[in-house]
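Here's the structure, in structure tokens; my notes come after.
Because only heavy atoms are used, hydrogens play no part in the values below, and waters and symmetry mates are left out as well, while side chains stay in.
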Amino acid sequence: MPENHLPEKGSSAVRDWLRGIEVFARPLPGFDPDTAPAEPSALFLDWLAEAVEAGVPDPHAMTLSTVDEAGDPDARVLILKNADVSGFQFATHTAGPKGGQLAAVPRAALTFYWAEFGRQVRVRGAVTPDSRERSAADFLARGATARAEALLGRQSRYLTDPEAGARALRASLARVEAAPGLVDPAWTLFTVVPDVVEFWQAAADRAHVRLRYEREPSGWRRHRLWP
């Protein structure tokens, strides 16, 4: 069956079709963990820079995983706002689902994947809010429509009347245009302070290379992992 031919939906052939799709069938970079830096943010920024230079689409996109009050997992793709030795930053409205989940369980995981390089980075740790001043600066750096949408404070709620939603957005956008310095106090920068950061480099023969950084009281410790 040709790889690009979708089998009948619901049929058992889907499994075989998926099995037949090649993975990592392209030139991939090598990775020598022995040359990795002592702390993970330096290696992360090196990999991110390579993705940017290669023209990878949305190279700073990441999956943010949280859990709700019942312990059920939730995940969505966001944009990375900053990364340095203190952690990895993202922003969200605290009145939305992400904000509520982080208030109940202030821990999260981040996943970056650059398919062109067969590279994955996984981050896990505690989540802390940044200052009101830095959160406000992030809010004001957003586009006018994004600020207007956030000011509505209705993220993830049911939209029963799209026309009413469009009118509300236009009214909110008018507020933003009339007061360019208007800030939503619920908009918050969060930092994932990592306990663990894992770097994963794919290989065509599936002998993938994995390096995990684990934070200890004395600093970071590196461990090679089995594929």
Side-chain angles (χ1 to χ4, degrees), residues 40-41 44-45 48-49 51-52 56-69 73-114 121-195 197:
S41 71
F44 172 81
L45 290 172
L48 177 60
V52 172
V56 174
D58 306 323
H60 53 338
M62 62 186 185
T63 300
L64 167 69
S65 301
T66 55
V67 295
D68 64 15
E69 295 88 338
D74 204 354
R76 75 291 285 165
V77 177
L78 298 181
I79 294 297
L80 177 70
K81 294 300 184 79
N82 191 30
D84 55 28
V85 294
S86 64
F88 298 75
Q89 283 201 321
F90 64 93
T92 191
H93 199 288
T94 55
K98 294 186 292 296
Q101 291 168 6
L102 291 170
V105 184
R107 292 188 62 82
L110 305 174
T111 307
F112 298 84
Y113 181 59
W114 302 295
V121 179
R122 301 167 61 202
V123 180
R124 187 177 67 222
V127 179
T128 61
D130 210 326
S131 68
R132 297 312 321 154
E133 293 77 14
R134 290 176 57 127
S135 295
D138 180 82
F139 184 83
L140 293 174
R142 292 165 62 83
T145 301
R147 281 179 279 151
E149 191 71 65
L151 285 164
L152 290 172
R154 301 176 186 177
Q155 187 184 57
S156 299
R157 297 183 186 179
Y158 293 139
L159 178 59
T160 57
D161 186 345
E163 291 186 4
R167 289 194 299 271
L169 179 57
R170 287 195 297 270
S172 186
L173 185 56
R175 289 181 63 203
V176 169
E177 292 170 345
L182 184 62
V183 172
D184 189 330
W187 188 258
T188 304
L189 267 177
F190 288 96
T191 302
V192 179
V193 182
D195 303 320
V197 182

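With Lys98 as the fixed residue, the side chain to side chain contact (heavy atoms under 4.5 Å, CB included) test singles out one of Leu78, Thr66, Thr188: Leu78.
Residue Arg147 places its CZ atom among more than 12 non-hydrogen atoms of other residues, nucleotides or ligands, all under 6.0 Å distant. Atom CZ of Arg107 has more than 12 heavy atoms from other residues, nucleotides or ligands within 6.0 Å.
Counting only heavy atoms from C-beta outward, the side chains of Thr92 and Gln155 approach each other to under 4.5 Å. No side-chain heavy atom of Met62 sits under 4.5 Å from any side-chain heavy atom of Phe88. Between Thr94 and Phe190, the closest side-chain pair of non-hydrogen atoms falls below 4.5 Å. Looking at Thr128 and Val193, their side chains come closer than 4.5 Å, going by heavy atoms from C-beta outward. Taking the side chain as every heavy atom from C-beta outward, Asp195 and Arg124 never approach each other to under 4.5 Å.
Here the straight-line distance linking atom CG of Leu189 with atom NZ of Lys81 works out to 6.0 Å at 0.5 Å rounding.
Side-chain N or O atoms of Trp114 include one that pairs as donor or acceptor with a backbone N or O of Pro59 at under 3.5 Å. Distance alone, capped at 3.5 Å, is enough to place a donor-acceptor pair between the Arg76 side chain and the Leu64 backbone. Between the side chain of Asp58 and the backbone N or O of Ala61 there is no donor-acceptor pair closer than 3.5 Å.
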